[in-house]
Amino acid sequence: MNSLSAFANKKIPFKGISLQLMLLGTMSLSGVVKYVFCFAVVAIGCILGIKTIRLRFGRWSHKQSFRLVAPFLAIATIGLVIDLAQNESQLVEGLKQTIMYLEPAVLAAIVLHYSNDDDELIGVQLVSTILIFFATSLPHFNANDLLESTAAFSFGLFSLFYLTMKKPGAFLVSLICLVLANKRIALAAIAVASAVYLYLKISKHKKTWAVLFFSAFFVLVVLYFNAIYSGDLRNLFDKFGINSMGRLDLYPFFSDEYSLILSLDKVGFGLGYVINKLNLIHYSSAAGNLHNDWLSLFIEAGIPSLVVLFVSTILIIRSLPFGKVAETTDESCALLVAVLLYWQILWLTDNVTIYVFVLYPYYTILFSLLRRIERTQVASE
């Protein structure tokens with residue numbers, strides 16, 4: 001009764017919801033307006049906070065936040081250098097892709113800087129995402145696809161976040177929206193990530209297991225590449241009647257590029273190469289993109305892309321203070337591992353590394369978790 005009374009008396013953060021609706025609503029649009037708008041918000045935030053906003057690598061949360069973004073900074077640099085050396089005509093697409101990689105992370109950091117309550121901010125993002133999801137998807141409802149939407153990837157993030165927040169209502173709402181948004185890879189990823197989170201909660205050697213899980217996953221990614229180009233993946237899908245939704249027809253267009261990189265004849269083909277080639281073969285309008293971030297990163301930035309992603313992820317996991325502070329900190333660390341794994345599983349069949357609508361809450365949740373872990377560490381000293 002007291003909890004119901006507290007909920008009823010809680011003030012609705014209309015200003016926060018309005019801001020997040022504006023940000024997420026703009027990000028869900030097509031075209032350049034979303035990048036210009038987000039850049040304007042970042043610029044205004046930096047100007048207003050010129051005396052207070054600092055990236056301090058001495059702070060644990062800042063160091064780990066940079067490690068989250070660093071792989072894509074490195075991939076963008078490698079890809080743009082290849083563009084300049086091999087094909088300047090795709091430089092515009094490469095620069096656009098760089099903005100998609102990096103702008104949401106900077107935006108999340110700026111918004112969190114001005115937030116008085118990280119958990120409330122994430123709750124407001126959830127409410128805003130739900131409103132945008134239903135407004136844009138309800139007109140297209142059908143019995144087979146339900147309300148299929150890329151918002152599913154965001155709802156997976158929110159579902160994981162509310163696993164540990166002791167807010168079953170928010171968790172249930174996120175999960176229902178995830179099911180309605182009907183993305184198979186998101187449902188599979190949430191199942192795997194939740195299982196990993198629950199296992200890490202009860203395990204005695206949490207950090208060791210987390211490193212082993214990610215090491216095994218990276219091996220799986222390499223085997224996945226091999227299965228695509230050996231034909232084993234198509235055979236597997238045919239055997240079990242799995243519909244790839246055209247993905248297995250797309251991947252063969254990049255078999256030559258894959259072979260050249262694997263044989264070390266090419267470092268990579270440069271940022272923007274994948275979408276440019278799909279445009280040239282008139283496949284982009286139908287497919288949108290390659291629907292495989294792992295393969296796109298490999299084609300464009302080569303083996304170094306996989307190396308920096310693996311090393312950065314392992315460094316973040318090894319820095320987590322499992323077993324050193326409080327049980328709640330262990331839960332936050334386990335959740336952070338689960339979110340990272342969930343996100344990278346999505347890359348197997350989709351293009352979430354360039355979905356700014358989803359990247360913004362992704363970085364907000366991760367940066368918030370890092371801040372929470374750091375606060376607990378400081379409080380215990």
Side-chain angles (χ1 to χ4, degrees), residues 55-75 77-78 101-102 105 108-109 112 118 157 160-161 163-164 189 192-223 293-294 297 301 303-348 353 359 362-381:
L55 182 60
R56 299 183 177 93
F57 289 106
R59 283 190 59 176
W60 181 84
S61 62
H62 286 199
K63 185 177 181 180
Q64 306 317 316
S65 296
F66 179 75
R67 280 177 172 169
L68 283 170
V69 181
F72 285 94
L73 186 60
I75 288 166
T77 302
I78 294 167
Y101 284 163
L102 304 177
L112 275 169
D118 291 4
L157 291 169
L160 280 174
F161 178 75
L163 258 181
T164 61
V192 174
S194 298
V196 167
Y197 165 75
L198 294 171
Y199 184 80
L200 290 178
K201 274 191 68 175
I202 62 172
S203 172
K204 291 183 179 179
H205 306 287
K206 303 177 192 298
K207 188 180 295 189
T208 301
W209 276 110
V211 170
L212 286 173
F213 283 139
F214 265 95
S215 298
F217 177 69
F218 278 103
V219 171
L220 176 66
V221 170
V222 174
L223 294 175
D293 274 331
W294 282 109
L297 293 168
I303 293 171
S305 67
L306 303 189
V307 173
V308 296
L309 282 163
F310 176 72
V311 171
S312 180
T313 303
I314 296 302
L315 286 174
I316 291 168
I317 292 171
R318 287 180 59 82
S319 75
L320 295 174
F322 278 117
K324 292 183 179 179
V325 193
E327 185 178 342
T328 53
T329 302
D330 276 5
E331 288 184 354
S332 296
C333 292
L335 178 59
L336 192 141
V337 171
V339 170
L340 286 173
L341 183 59
Y342 165 80
W343 194 246
Q344 293 186 13
I345 289 173
L346 297 181
W347 299 358
L348 293 170
T353 59
L359 282 163
Y362 167 73
Y363 281 115
T364 302
I365 288 172
L366 285 180
F367 293 166
S368 173
L369 284 172
L370 291 171
R371 281 163 43 132
R372 187 195 304 179
I373 295 167
E374 183 180 67
R375 281 195 298 268
T376 314
Q377 284 182 289
V378 171
S380 67
E381 291 176 354

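In what follows, every heavy atom counts, from backbone to side chain, and hydrogens, waters and symmetry copies are set aside. Just so you know, residue 1 is the first one in the sequence shown, and it goes up from there. Everything numeric here is computed off the predicted structure, so don't read it as measured data.
- Evaluation of the side-chain hydrogen bond (donor to acceptor under 3.5 Å, both in side chains) rule for Tyr101 yields Gln97 as partners, not counting sequence neighbours.
- Thr329 OG1 to Arg372 CZ: the interatomic distance, rounded to the nearest 0.5 Å, is 9.5 Å.
- Across all non-hydrogen atoms, the minimal contact from Leu73 to Thr77 is O-OG1, 2.8 Å.
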Worked check of side-chain contact (heavy atoms from CB on, under 4.5 Å) between Arg375 and Asp118
CA-CA 12 Å; Arg375 281 195 298 268; Asp118 291 4; 4.1 Å; yes
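- Atoms CG and CD1, on Leu297 and Ile303 in that order, are 13.5 Å from each other to the nearest 0.5 Å.
- Here the closest heavy-atom approach between residue Pro304 and residue Ile78 is recorded as CB-CD1, 3.8 Å.
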Can you check side-chain contact (heavy atoms from CB on, under 4.5 Å) on Asp293 and Leu346, steps first, answer last?
CA-CA 8 Å; Asp293 274 331; Leu346 297 181; over 6 Å; no
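- A distance of 6.5 Å separates OG1 of Thr208 from CG of Leu212, quoted to the nearest 0.5 Å.
- In this structure, Val337 and Phe322 approach most closely via the heavy-atom pair CG2-CZ, 4.3 Å.
- Not a single donor-acceptor pair under 3.5 Å links the side chain of Lys207 to the backbone N or O of Ile317.
- Annotation: side chain of Val196 is not in contact with side chain of Trp209 (no heavy-atom distance under 4.5 Å).
- Phe213 is listed as a side-chain neighbour of Leu200, based on a closest heavy-atom distance under 4.5 Å.
- Proximity of Val221 to Trp347: side-chain heavy atoms (C-beta onward) are nowhere separated by under 4.5 Å.
- Distance check, rounded to the nearest 0.5 Å: CG of Leu163 to CG of Leu335 gives 7.0 Å.
- Contact of the Thr313 side chain with the Phe218 side chain is registered, since non-hydrogen atoms from C-beta on lie closer than 4.5 Å.
- Applying the 6.0 Å contact sphere to CH2 of Trp60 captures more than 12 heavy atoms from other residues, nucleotides or ligands.
- When side chains are defined from C-beta on, Ile373 counts as touching Cys333, because their heavy atoms get closer than 4.5 Å.
- Here the straight-line distance linking atom CD of Glu331 with atom NZ of Lys206 works out to 9.0 Å at 0.5 Å rounding.
- Looking only at side-chain heavy atoms (C-beta outward), Trp343 and Ile365 stay at 4.5 Å or farther from each other.
- Considering only residues two or more places apart in sequence or on other chains, Thr364 meets the side chain to side chain contact (heavy atoms under 4.5 Å, CB included) condition with Ala108, Leu112, Leu121, Ile122, Gln125, Tyr360.
- Side chains of Ser319 and Arg67 form a contact here, defined as non-hydrogen atoms less than 4.5 Å apart.
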Could you go step by step and tell me if Val339 and Tyr197 meet the side-chain contact (heavy atoms from CB on, under 4.5 Å) rule?
CA-CA 9 Å; Val339 170; Tyr197 165 75; over 6 Å; no
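- At distances below 3.5 Å, at least one donor-acceptor pair connects side-chain atoms of Ser215 with backbone N or O atoms of Val211.
- For the atom pair CZ of Phe367 and CG of Leu68, the computed distance is 6.0 Å after rounding to the nearest 0.5 Å.
- A search for ring pair (Phe, Tyr, Trp, His ring centres under 6.0 Å) contacts involving Tyr342 returns nothing, not counting sequence neighbours.
- Residues Trp294 and Leu309 meet the side-chain proximity criterion, which asks for heavy atoms closer than 4.5 Å.
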